[in-house]
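To start, the structure itself, in structure tokens.
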Amino acid sequence: MRRVFESLMNLLNLIRDRFVGPLKTLVDDPAPFVDMIRPAQDAKFGEFQANFAMPLAKQLGKPPREIAQTIAQQLQLDDICETPEIAGPGFINLRLKASFLSAQIGRISGDDRLGYSPTSSRRNVVVDFSSPNVAKPMHVGHLRSTVIGDAICRTLRFVGHQVVSDNHIGDWGTQFGMIIYGYRNFLDEAAYAEQPVAELARLYKLVNQLSDYHATKAKLTTLQSESATARTRLETAEAQAKDDKAKKQLNSLRKDIEAAEKAVKDAIESIEKVESSPTLLKAAQAHPDIARKARDETAKLHSGDADNNTLWHQFIPPCLEALNQVYRRLGIKFDMTLGESYFNPMLPGVVSSLQSKNLAKLSEGATCVFLEGNAAPFIVQKTDGAYTYATTDLATIQYRVESLKADEVLYVVDKRQSEHFQQLFATACLWGIGTVRFQHVSFGTVMGKDGKPYKTRSGDTVGLESLLDEAVSRARRIVDENDDRRESPLLTSEERARVAEIVGLGGIKYADLHHSRDSDYTFDWDKMLATTGDTATYMQYAYARVCGIFRKMQLSRDSLQTSGVTISVETPEERRLAVQLLMFGYAIDSVLNDYRPHLLTTWLYDTADAFSQFFDKCSVQNAGSEELRKSRLVLCDLMARAIKTGLSLLGIEVAEVL
RNA sequence: GCGCCCGUAGCUCAGUUGGAUAGAGCAACCGCCUUCUAAGCGGUAGGUCAGUGGUUCGAAUCCACUCGGGCGCACCA
């Protein structure tokens, strides 16, 4: 019994442990076979199933059902499960005993952690996420990194790991040259005094647009001739196309044309944008070599120019404050915000160290690390002497390993940068950084309903703040509607605003987190704030319904007597809810196995779903006996804790009344 | 040209790394509020898992090829 108590944290592991002994009588290494014990695919098979008998049959040359039988006979599981059943070709099906469920629910009742005790194998994990560029407003693209990274940090901390969340902001890049140039040439002083960040963003955008204008204009005829060439090539190819191979080439040529023509169209559009505005055109003509001059400003900044550094120090604080405003609203905290600038002094040392170890060498004027299997080199210093983000990232790794003593470093970054990270990790290993575990926790692009990266109608990226405002105002409408429908509304205006914030932000975060992170995901307002289905609201609603039960019965959840109550798991709904609650530890462990928060959303949805059925079928107020009512109250309370805790690991809040 | 990823229901997505009859939400249709929040519950319908071949007791999952789509690829981060 003691054993059950200690290792219940992850119910599956508890069961797996019991198979080790019996399996050892048949094989030397039971580990791979133990892994083949899984949650059952279908409730009719019980809660767990063991799938190892079939592959083992081949290895041992015995019928699988016989092997299953042999193992089943040796199993000592009767404190947990009913007698194992052998089914189909040789599956072992396990069904949890009602007495076990009842006892375990009783044991963890009233516990916000649902019986999950902190790990004894604590790791020191640095999580690098969000990483916006300073002085460029955050947009929808930053949302995924921020939300996923935060969820991972929270879950790691919950399990008991030492976590350092680090916002590796872009505060040193080429955009600062543009801003400095803009500041010197186009500053609107009144606007800067009023809203410095907005004005800096405007300057950045302006300088960028003008640089672009000149570059595009210079490039336009080339683009046009490339487009024309592509068309000619297609026509000749079309005339000659005979076999399938040629046909395939035609297709790829057609795609080339499409791309070339789009490039021309985009170029013309961006030129038009400038030329259609007299002010912009005048500015463009007055600053013909704006791009080079902006680059010069960056170089001056990096080489220690006093004036530019003064400006930089002046720009940074309001920009950081603007970022923090967004993070505060999202409920996200960083342990440190060490931007690229922080690592600037270390960059020469990184390069010379790589050179001294014969890892980096000069190629076409740039200092590069060549890696096996990679066509492109990893450039650590450009021909003009400037360092790249590769260099910064290496310096950052060194800092995280040496100063932060990291065992593991996670990078929550767009999957399009996977080659960079593959090269970075490979270089770091060659460099001799030690036994740190690196992982690029990659994620896909946020798409619009049109299947293209999410943009506003005018083609701009969507600002993060307006996105949050939109979510909250949509949520407010729903909250208003719902509360107005009641005979006597339960919420004051201030409470409605608070609930709208919780529901709106929760909806946005949940929508993102419930997709597996690798895939691109389609941003859809109607879905994330729908009043039906698999949304944050569904869980929040389930939570509020529990609160409603206690409110109606004039009981307080805080003073609920949870110990000494016998938990009933007689009805299918009670049973399912109990099983779900006990699977919490497994869900948490699955999330951290490969940093996939969506496995937690799945568990949350299943749990809320189990509760909804329970709510429908198992009345608390009208339970047949006082004993049963107590049992159900404890289940309700535990389910509310489960939802609150689970959502909190995703950075999502709950409300007593919805 | 080289490399990586993807293709599952009308739509949006899962599918626990090779297991039993491929699942959920939305949309559609049918039912359920005098009892704890109907933002809910129950049910029906919906599939050539892009295609072909292979590996084996067993494949959406692994391998090969084909078709279709996306994304990277020396001095931007």
Side-chain angles (χ1 to χ4, degrees), chain A residues 12 35-36 38-42 44-45 49 51-52 54-55 57-58 64 87-91 93 131 133 170 172-175 244 248 251 255 340 363-368 373-384 386 388-390 392-393 414-420 422 442 444-445 449 451 478-479 481-482 485-486 490 503 511 514-516 518-522 524 526-527 530-535 537-538 540-542 544-553 586 590 593-594 596 598-599 601-602 605-606 609 612-613 615-622 632 636 657-658:
Chain A
L12 180 62
D35 284 345
M36 298 176 79
R38 310 254 166 84
Q41 288 207 327
D42 193 314
K44 75 183 172 200
F45 299 133
Q49 62 181 62
N51 303 333
F52 54 67
M54 288 76 80
K58 191 172 171 103
F91 296 103
N93 290 332
S131 317
N133 278 319
W172 199 242
T174 42
Q175 85 269 24
D244 281 358
K248 201 186 161 188
N251 261 332
K255 264 194 254 167
E340 291 163 349
S363 167
E364 295 177 29
T367 308
C368 307
N374 287 87
F378 199 52
I379 298 177
V380 292
Q381 189 169 19
K382 301 192 286 186
T383 306
D384 64 5
T388 67
Y389 75 136
T392 313
D393 279 354
D414 193 307
K415 70 177 174 189
R416 281 172 294 194
Q417 293 189 37
S418 62
E419 269 115 330
H420 166 72
Q422 182 255 322
S442 60
T445 312
K449 273 184 172 176
I478 296 166
V479 171
E481 246 174 64
N482 188 56
R485 258 204 314 270
R486 294 198 243 257
L490 292 168
V503 168
H514 103 283
H515 289 85
S516 62
D518 283 315
S519 47
D520 294 343
Y521 108 89
T522 310
D524 183 343
D526 296 331
K527 271 184 189 133
T531 55
T532 58
D534 186 2
T535 59
T537 315
Y538 185 77
Q540 291 165 328
Y541 181 64
R545 283 169 106 180
V546 171
C547 297
I549 292 174
F550 280 82
R551 196 167 48 243
K552 273 273 162 54
M553 295 174 72
Y586 173 70
S590 309
N593 190 36
D594 195 29
R596 299 191 173 277
H598 87 275
L599 296 174
T601 68
T602 303
Y605 181 77
D606 288 344
D609 190 44
S612 294
Q613 289 174 20
F615 184 88
D616 207 49
K617 291 271 168 28
C618 308
S619 176
V620 177
Q621 213 163 8
N622 300 328
R632 288 182 174 170
C636 283
V657 178
L658 233 56

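We use all heavy atoms of the structure for the numbers below, so side chains are in, but hydrogens, waters and symmetry mates are not. Below, chain A is the first sequence line, B the second, and so on; all start at residue 1.
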Contacts of type salt bridge (Lys or Arg N to Asp or Glu O under 4.0 Å), residue A/Asp524, not counting sequence neighbours:
A/Lys449, A/Lys527
Identify which nucleotide among B/G19, B/U16, B/A14 has an atom closest to any side-chain atom of A/Ser516, counting heavy atoms from C-beta outward.
B/A14
Check: A/Tyr605 ring centre within less than 6.0 Å of A/His514 ring centre
no
Are there any protein N/O atoms within less than 3.5 Å of an N/O atom in nucleotides 32-35 of chain B, and if so, which ones and at what distance?
residue : atom : partner  : partner atom : Å
B/U35   : O2   : A/Asn622 : ND2          : 2.9

Any side-chain donor-acceptor pair under 3.5 Å between A/Ser612 and A/Tyr541?
no
Contiguous Watson-Crick or G-U pair runs (3 or more, under 3.5 Å) in RNA chain B:
B:1-7 with B:67-73, B:10-13 with B:23-26, B:28-32 with B:40-44, B:50-54 with B:62-66
Using a cut-off of 4.0 Å on non-hydrogen atoms, how would the nucleic acid contact of A/Gln49 be classed: base, sugar-phosphate, or nothing?
base
Whole-angstrom distance between B/G70 and B/G31, as gauged at atom P:
45 Å
Which pairs, protein N/O on one side and nucleotides 40-43 of chain B N/O on the other, fall under 3.5 Å?
residue : atom : partner  : partner atom : Å
B/G40   : OP1  : A/Gly533 : N            : 3.3
B/G40   : OP2  : A/Thr531 : O            : 3.3
B/G40   : O2'  : A/Arg545 : NH1          : 3.0
B/G40   : O2'  : A/Arg545 : NH2          : 3.2
B/C41   : OP1  : A/Tyr538 : OH           : 2.4
B/C41   : OP1  : A/Asp609 : OD1          : 3.3
B/C41   : O2'  : A/Asp616 : OD2          : 2.8
B/G42   : OP1  : A/Gln613 : NE2          : 2.9

Inter-nucleotide P distance (B/C29, B/U16), Å rounded
34 Å
Who passes side-chain hydrogen bond (donor to acceptor under 3.5 Å, both in side chains) against A/Gln49, sequence neighbours left out?
A/Asn51
hbond_proxy A/Thr602 side chain to B/A24 base (donor-acceptor, 3.5 Å cutoff):
no
So if I take every side-chain heavy atom of A/Asp594 and compare against B/A39, B/U17, B/U21, which nucleotide ends up nearest?
B/U17
Can you see if the side chain of A/Arg485 gets near the phosphate of B/U37 - specifically, an N or O under 4.0 Å from OP1 or OP2?
no
When you measure from the side chain of A/Lys58, which nucleotide among B/U37, B/A74, B/U56 comes out closest?
B/U56
Within the structure shown, what part of the strands sits under 4.0 Å from A/Asn93 by heavy-atom distance: base, sugar-phosphate, or nothing?
base
Among the candidates B/C5, B/U16, B/U37, find the nucleotide nearest to the side-chain atoms of A/Lys552.
B/U37
Using a cut-off of strictly less than 4.0 Å, decide whether A/Lys255 has a side-chain nitrogen or oxygen near OP1 or OP2 of B/G69.
yes
If you look at every strand shown and take non-hydrogen atoms under 4.0 Å, does A/Ala57 touch a base, only sugar-phosphate, or nothing?
nothing
Within the structure, does a side-chain N or O atom of A/Arg38 lie under 4.0 Å from either OP1 or OP2 of B/U17?
yes
Of the nucleotides B/C57, B/G69, B/A74, which has the atom closest to the A/Pro55 side chain?
B/C57
Any base atoms under 4.0 Å from A/Gln417, or only sugar-phosphate, or nothing? Heavy atoms, all strands.
base
Should A/Ser519 be listed as having a side-chain N or O under 4.0 Å from OP1 or OP2 of B/A14?
yes
Using side-chain heavy atoms (C-beta onward) and a distance below 4.5 Å, is A/Leu12 in contact with A/Pro39?
yes
Sugar-phosphate only, base, or nothing, as touched by A/Cys636 at under 4.0 Å among non-hydrogen atoms
nothing
Between the side-chain atoms of A/Asp534 and the base atoms of B/A24, is any donor-acceptor pair under 3.5 Å?
no
So A/Ala375, base contact, sugar-phosphate only, or nothing? Heavy-atom distance under 4.0 Å.
nothing
Can you check the A/Asp524 CG to B/C26 P distance for me, whole Å?
13 Å
Name the nucleic acid region contacted by A/Val503, choosing base, sugar-phosphate or nothing; use a 4.0 angstrom heavy-atom cut-off, strictly under.
nothing
Quick one: which protein N/O atoms are closer than 3.5 Å to N/O atoms of nucleotides 10-12 of chain B? Pair and distance per line, please.
residue : atom : partner  : partner atom : Å
B/U12   : O4'  : A/Lys527 : NZ           : 3.1
B/U12   : O3'  : A/Thr522 : OG1          : 3.2

Over all strands shown, is A/His598 touching base, sugar-phosphate only, or nothing at heavy-atom distances under 4.0 angstrom?
sugar-phosphate
Heavy atoms only, 4.0 Å cut-off, all strands: where does A/Ile478 land among base, sugar-phosphate and nothing?
base
